[in-house]
Amino acid sequence: MVVSIEDNQPSSSNNVGGSDDCFLVVELSEDDPLFEKKLKLLKDKGFGPSDSVYLQKTLVPHSLRVKLDALLERARIIHLNETELYFGASALDEGITEEFYSPRNELEALNCVLSLVDHYSGKSDVTNASLKALRVAIISRICNFGNKNKLETEIVKEACNSEKHLMSWAESHGLISKLQIAYVEGAGRGVLATEDLGVGDIALEIPISVIISEDLVYESDMIHILEKIDGISAETMLLLWSMRERHNIDSKYKFYFDALPEQFNTGLSFGVEATITLDGTLALEEILQAKQHLRSEYDKLFPALSVSFPGLFSPEFYTWEQYLWACELWYSNSMKIMFPDGKLKTCLIPVAGFLNHSVCPHILHYGKVDSVTNTLKFPLSRPCNRGEQCYLSYGNLSSSHLLTFYGFVPQELNPCVILSRLIFLEFFIDIEFVVDIEAGPDCSSEEGCQDSTTHMVRGTWLSVLTSQGLFYYGLPSPLLEHLRNAVNPGLHTMTLLQESLETEMMVLDDLYAIFDGMMKRLDDSVLEDRLSEKWDVQLAIQYKDLQRNIVSSILTACQAGRKMVTHELKRCMDEDIDG
Ligand SMILES: C[S@@+](CC[C@H](N)C(=O)[O-])C[C@H]1O[C@@H](n2cnc3c(N)ncnc32)[C@H](O)[C@@H]1O
């Protein structure tokens, strides 16, 4: 995505003038992997790939709001990720005017427009008063948005010595932090703002000298053995390096390793009972496959390496359990960082590794080392008040992925927020899951075949109906389209004619059957005292509850749809009889 500014002054022909007037352009980059889909969406809304929004020198508040909305509408589409695009498109196709697609997308869009304004305002010869007013309006929207999506954090206890030592060590290497570590309810450690932080403030600035990257393996005595292993990745080398370094009392990173938990409690460590509890869910397959894959990777390396090089790969440090621990560490704590040499490396980042995940994060833009300061900066995209927990987004990850590799189930958004908006899109990643449905005959011709074979659904909680009433039911259009095509490949336009309605009924019946089968597999055996269960069983129950809620809301949507279609079919037939 490119955000650009058009410096051209308006020509006299378009009847605007004055050297302090300006154009702001939100531009869709042709390099965007989702370019075609976003372009279509932009066009559907009557926009182009790089529309200019003209800003007069001064604007009355109402006009300013209109301009900001115009910029935001485009910026939202340009910043959609694949999942948001999938669901967002359905709402737009059906004429639902959506306030926003997801908290992350809204913050991206607001920050994109903000950077546009800041870039333009930074020009020494610009004295456009509207730019200043626009900036104030954007910041105010960001603050309001953040306040609506605020998550309360319950502090369990202060940081322990291991975390305090890590902080002091990192500071001695140049860390600048406006955050402090604490134990928070439900997420182990987290970080809290030590002062009121505003948009653009740097919450953390981490010198690269404390970052753990593949460079350390290349400098280590292991490298001459590791580089002889056919096809070994930098990540696997790091995994093996960290398994030994963890026990090295002279390690430069001792304070980092000392502050890591003995056990990570992700889905990869689930015991038998928790695994059984997951029966019928999508996460079960993901966990079993991931574990099987890791075990086969381990078996390729061990005990062979320990037998051949016991000095480097001591058997006591390279057990399967310790390998799994290192996998969990890297899956749940690593970040991909771009270094000044242009290389993208998977890294462990002391202190930043205490940032927990949220769908409405404070930090959106990080991940590129500043080549001037040789530091990694974590700037805020929305304010974080003193004492408030500061969050990051771990990315566009499904709930089964979060369970498997991070060991938590995302929390639903506040139900009041949901009800007040009466729309399903906000649920986004929290309740999304993937259903494999056999690909339609035309899928091979479409770009990104994965899209065509994998469909996503999410709970609607409320059945959303469009102004047209039919053919939507709060379910994503790409999924409905796919099923329509499978049921009746010749049918191209949806009308209220009998053939369309019968197709619709079959689609809804198929969907109902799929999800009804899924619901039956998600038995709801109530566990009397959940808190007395082990951590993994509790987590599995939480995940299963979430899945059940989603499936239940989809079944409700299907039922409501079937009722409507039955009604329309009856009307259609009555009209036929009446002639
Ligand atoms: C990068 S670490 C964050 C620091 C971590 N809380 C700790 O105590 O070290 C990622 C881990 O934090 C926990 N976590 C992160 N976000 C969470 C959330 N929203 N809810 C619950 N746990 C979360 C999970 O255990 C996850 O594997």
Side-chain angles (χ1 to χ4, degrees), residues 103-104 149-167 170 177 179-192 203-204 206 211-212 242 246 255-270 274 283 287 290 324-337 346-363 366-367 376 378 384 388-414 428-431 535-536 538-540 542-543 546:
R104 182 211 66 85
N149 289 283
K150 214 175 217 161
L151 289 175
E152 291 305 325
T153 298
E154 198 181 314
I155 313 293
V156 176
K157 61 172 180 170
E158 275 187 18
C160 299
N161 282 342
S162 60
E163 290 104 21
K164 286 180 186 158
H165 290 154
L166 172 64
M167 202 73 172
S177 170
L179 303 174
Q180 74 180 52
I181 306 162
Y183 282 74
V184 296
E185 183 59 40
R189 284 80 52 95
V191 281
L192 316 176
L204 277 178
I206 302 192
I211 294 178
I212 295 174
S242 49
R246 175 186 180 199
F255 291 117
Y256 176 73
F257 285 105
D258 283 352
L260 289 174
E262 277 299 309
Q263 214 191 318
F264 277 102
N265 293 353
T266 73
L268 295 173
S269 287
F270 269 19
I287 289 176
L324 196 58
W325 178 89
C327 290
E328 289 181 286
L329 163 66
W330 282 89
Y331 280 132
S332 64
N333 277 258
S334 63
M335 299 182 191
K336 280 212 181 323
I337 302 300
T346 307
C347 301
L348 292 174
I349 307 177
V351 184
F354 290 121
L355 284 157
N356 287 322
H357 166 83
S358 166
V359 286
C360 187
H362 296 89
I363 298 164
Y366 66 94
L376 186 64
F378 291 79
C384 187
E388 192 184 333
Q389 185 172 180
C390 186
Y391 288 100
L392 195 73
S393 165
Y394 293 174
N396 178 22
L397 305 170
S398 67
S399 40
S400 64
H401 186 102
L402 288 172
L403 179 77
T404 306
F405 299 103
Y406 291 86
F408 70 94
V409 176
Q411 282 175 9
E412 294 157 23
L413 291 178
N414 178 345
F428 184 46
I429 214 77
D430 287 342
I431 54 164
W535 68 270
D536 53 347
Q538 281 189 38
L539 209 50
Q542 239 180 298
Y543 178 79
L546 185 69

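What's counted below: heavy atoms across the whole structure, side chains too, no hydrogens, waters or symmetry copies. Every number for a ligand or one of its atoms is a count from 1 in the order of the listing.
Tyr394 OH, 3.2 Å is the protein heavy atom nearest to atom 10 (C) of ligand 1. Closest protein heavy atom to atom 9 (O) of ligand 1: Arg189 NH2, 3.0 Å. The shortest contact between atom 12 (O) of ligand 1 and any protein heavy atom is with Asn356 OD1, 3.3 Å. For atom 1 (C) of ligand 1, the closest non-hydrogen atom of the protein is Gly353 O, 3.1 Å. Atom 25 (O) of ligand 1 has as its closest protein heavy atom Tyr406 O, 3.2 Å. Nearest to atom 20 (N) of ligand 1 among the protein's heavy atoms is Phe408 CD1, 3.5 Å.
Of the inter-residue distances, the one linking His357 atom NE2 with Phe408 atom CZ reads 5.0 Å to the nearest 0.5 angstrom.
A donor-acceptor contact closer than 3.5 angstrom links the side chains of Glu328 and Ser269. In this structure, a donor-acceptor pair under 3.5 Å is present between the side chains of Ser242 and Trp330. For Gln389 and His362, the side-chain atoms include no donor-acceptor pair closer than 3.5 Å.
Within ligand 1, the atoms closer than 4.0 Å to a non-hydrogen atom of Leu355 are 1 (C), 3 (C), numbered from 1 in the order shown. Each of the atoms 1 (C), 2 (S), 10 (C), 27 (O) of ligand 1 lies under 4.0 Å from some heavy atom of Ser332. Within ligand 1, the atoms closer than 4.0 Å to a non-hydrogen atom of Gly188 are 8 (O), numbered from 1 in the order shown. Proximity to Gly186 (heavy-atom distance under 4.0 Å) selects the following atoms of ligand 1: 21 (C), 22 (N).
Considering every non-hydrogen atom in both Thr404 and Ala283, the closest pair reads OG1-O, 4.5 Å.
Here's the thing with Ala187: one of its N/O atoms is less than 3.5 angstrom from an N/O atom of ligand 1. Distances between N or O atoms of Thr266 and those of ligand 1 include no value under 3.5 Å.
For Tyr394 and Tyr406, the ring centers sit closer than 6.0 Å to each other.
Of the heavy atoms in Tyr391, none comes closer than 4.0 Å to ligand 1.
A salt bridge links Arg246 with Glu262: the closest approach of a Lys/Arg side-chain nitrogen to an acidic carboxylate oxygen falls below 4.0 angstrom.
Sequence neighbours left out, not one pair with a member in residues 397-408 passes salt bridge (charged side-chain N to carboxylate O under 4.0 Å, His left out).
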Run the side chain to side chain contact (heavy atoms under 4.5 Å, CB included) check on Val191 and Tyr391 step by step: do they pass?
CA-CA 8 Å; Val191 281; Tyr391 288 100; over 6 Å; no
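Of the listed options His357, Gln389, Glu185, His357 places a heavy atom closest to atom 19 (N) of ligand 1.
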